[in-house]
> 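My questions will all concern the structure given below.
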Number of protein chains: 2
Amino acid sequence: MDILELESFLPYRLYRLADAVSHEFSKIYKHRHGLTRPEWRTLAGLGQRGTMTATALGEQSAMHKTKVSRAVAELERRRWLTRTPDENDRRIEHLTLTKAGLAAYREMVPLAKAFERELLARLGAEEQAAIVSGVAALEAKLTLG
Amino acid sequence: MDILELESFLPYRLYRLADAVSHEFSKIYKHRHGLTRPEWRTLAGLGQRGTMTATALGEQSAMHKTKVSRAVAELERRRWLTRTPDENDRRIEHLTLTKAGLAAYREMVPLAKAFERELLARLGAEEQAAIVSGVAALEAKLTLG
DNA sequence: TTTCAATGGTTACAAATGAAACCAATTTGG
DNA sequence: CCAAATTGGTTTCATTTGTAACCATTGAAA
């Protein structure tokens with residue numbers, strides 16, 4: 001009979017791996033500031049780009065618009081970001097980190113980079129190249145977002 | 001100022017990629033039988049191994065025990081599996097697919113394999129090797145589960 | 001034994017999520 | 001112009017999920 005070996009099945013392996021890595025990383029922003037993943041991504045997006053609309057945030061960080069909406073509301077509640085209405089289109093609001101938001105972002109960036117560095121450091125040079133280029137190759141073939 | 005480029009950040013890329021692949025694949029079992037992911041994994045686990053306890057299922061397929069419990073309950077409701085109490089330890093139940101469950105499994109296996117094949121077929125030979133060995137390398141370095 | 005800790009599994013509750021409905025503002029096509 | 005469709009964003013509701021409490025059974029220790 002034809003069976004499927006789950007442990008070798010790429011979609012499963014990929015998911016499991018991503019889940020483990022993501023969960024490990026989440027400890028950092030969860031522990032440090034009690035952020036959820038959508039909140040962390042919002043912080044990261046705004047920190048990186050400076051100012052964005054909620055829609056742009058959703059596209060950049062692959063989040064459903066309700067997630068963005070809720071994350072933005074929470075970061076606003078914390079006074080980590082402010083909303084500025086668009087001059088020409090009153091539906092749009094431009095989101096920007098406050099001093100406090102930026103401070104949190106500046107604190108998170110080195111931790112994130114260290115995490116990635118240490119993750120890759122566990123691998124040999126060829127293995128590092130393999131995972132990075134393999135992910136890039138698949139990304140390129142899929143319609144992400 | 002030091003910024004983090006989210007689009008290049010490996011944990012994020014990995015998660016996004018796995019999510020996209022998994023979501024694409026989920027269409028198959030969702031559309032075909034209206035299964036959730038935990039239910040599909042339960043089916044896959046039992047189809048592959050024949051008989052397992054709920055705990056073993058959770059370990060094999062990286063699922064929280066409440067997920068397993070619920071998935072098993074649903075598959076039982078569908079009469080796709082049966083529970084057999086252990087002779088010596090009355091806490092344990094051995095789970096086995098019924099004819100109907102096995103039929104569904106047999107139908108899913110070729111679809112799953114085709115999905116994986118076609119996913120990899122989009123890549124060149126080296127890219128395929130890269131993603132597979134890259135994932136394997138990271139798996140080996142992480143405590144999965 | 002009798003008690004206490006551990007194990008297999010389920011359930012209750014709260015939080016996170018997604019789909020769809022929704023509101024407001026804007027654009028488009030007659 | 002003006003109705004209809006679109007867009008940015010929020011809210012409601014049902015579903016999914018995880019944490020923790022729980023029940024029953026077994027194992028270990030005293």
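FYI, side chains are in, hydrogens and waters are out, and symmetry mates aren't considered; it's all heavy atoms of this structure. We name chains A, B, ... by the order of the sequence lines, and we start the count at 1 in each one.
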> In this structure, how many angstroms lie between the C1' atom of dA25(C) and the CD atom of Glu87(A), rounded?
16 Å
> Just to be sure I understand the geometry, which residues of residues 63-82 of chain B put a non-hydrogen atom under 4.0 Å away from DNA chain D?
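The stretch gives His64(B), Thr66(B), Lys67(B), Arg70(B) as the residues lying under 4.0 Å from the strand, ordered by number.
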> How bent is the helix from dT1(C)-dA30(D) to dG30(C)-dC1(D), measuring the angle between the end axes built from five pairs each, rounded to 10°?
10°
> In whole Å, I'd like the distance from the CG atom of Asp89(B) to the P atom of dT25(D).
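Distance, rounded to whole Å: 10 Å.
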> Counting heavy atoms from C-beta on, name the nucleotide in dG9(D), dT10(C), dA25(C) closest to the side chain of Thr55(A).
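Given the options dG9(D), dT10(C), dA25(C), the side chain of Thr55(A) is closest to dG9(D).
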> What is the separation between atom CZ on Arg37(B) and atom C1' on dT15(D), rounded to the nearest whole Å?
14 Å
> Taking only residues two or more places apart in sequence, or in another chain, which ones meet Glu59(B) in a side chain to side chain contact (heavy atoms under 4.5 Å, CB included)?
Thr55(B)
> Mind calculating the distance between NE2 (His23(B)) and C1' (dG18(C)) to the nearest angstrom?
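For the pair His23(B) NE2 and dG18(C) C1', the rounded distance is 10 Å.
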> In this structure, how many angstroms lie between the P atom of dT16(D) and the CG atom of Leu35(B), rounded?
12 Å
> Who are the salt bridge (charged side-chain N to carboxylate O under 4.0 Å, His left out) partners of Arg79(B), not counting sequence neighbours?
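With neighbours one apart ignored, the set is empty.
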> Could you give the CD-to-P distance, from Glu93(A) to dC23(C), as a whole number of Å?
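It works out to 18 Å between those atoms.
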> Once hydrogens and angles are ignored, does a donor-acceptor distance under 3.5 Å link the base of dT7(D) to the side chain of Arg91(A)?
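Checked by distance alone, the answer is yes.
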> Mind checking Arg83(B) for me? I need base, sugar-phosphate or nothing, with any heavy atom below 4.0 Å counting as a touch.
sugar-phosphate
> For Glu126(A), does the CD atom have more than 12 heavy-atom neighbours from other residues, nucleotides or ligands under 6.0 Å away?
no
> Would you please indicate yes or no on a ring centroid separation below 6.0 angstrom for Trp80(B) and Tyr105(B)?
no
> If you measure only the distance, is there a donor-acceptor pair under 3.5 Å linking the side chains of Thr96(B) and Thr51(B)?
yes
> Indicate, with a heavy-atom threshold strictly under 4.0 Å, whether Asp86(A) touches base, sugar-phosphate, or nothing.
nothing
> Measure across His33(B) and Arg78(B) and return the closest heavy-atom pair with its distance rounded to 0.1 Å.
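Taking every non-hydrogen atom into account, O-NH1, 2.9 Å.
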> I need the NZ-P distance between Lys30(A) and dA15(C), as an integer number of Å.
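The answer, rounded to whole Å, is 14 Å.
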> Please compare Thr36(A) and Asn88(A) by the position of their nearest nucleotide in DNA chain C and report the one closer to 5'.
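Between the two, 5'-proximity favours Thr36(A).
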> Under 3.5 Å, which donor-acceptor pairs link side chains of residues 108-115 of chain B to any protein atom two or more places apart or in another chain?
unit_1	atom_1	unit_2	atom_2	d
Lys113(B)	NZ	Asp2(A)	OD1	2.9
Lys113(B)	NZ	Ile3(A)	O	2.9

> Does CZ in Arg83(A) sit with more than 12 non-hydrogen atoms of other residues, nucleotides or ligands closer than 6.0 Å?
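Buried by this count: over 12 neighbours within 6.0 Å.
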> Residues in side chain to side chain contact (heavy atoms under 4.5 Å, CB included) with Arg37(B), at least two apart?
Tyr15(A), Ser22(B), Tyr29(B), Arg41(B)
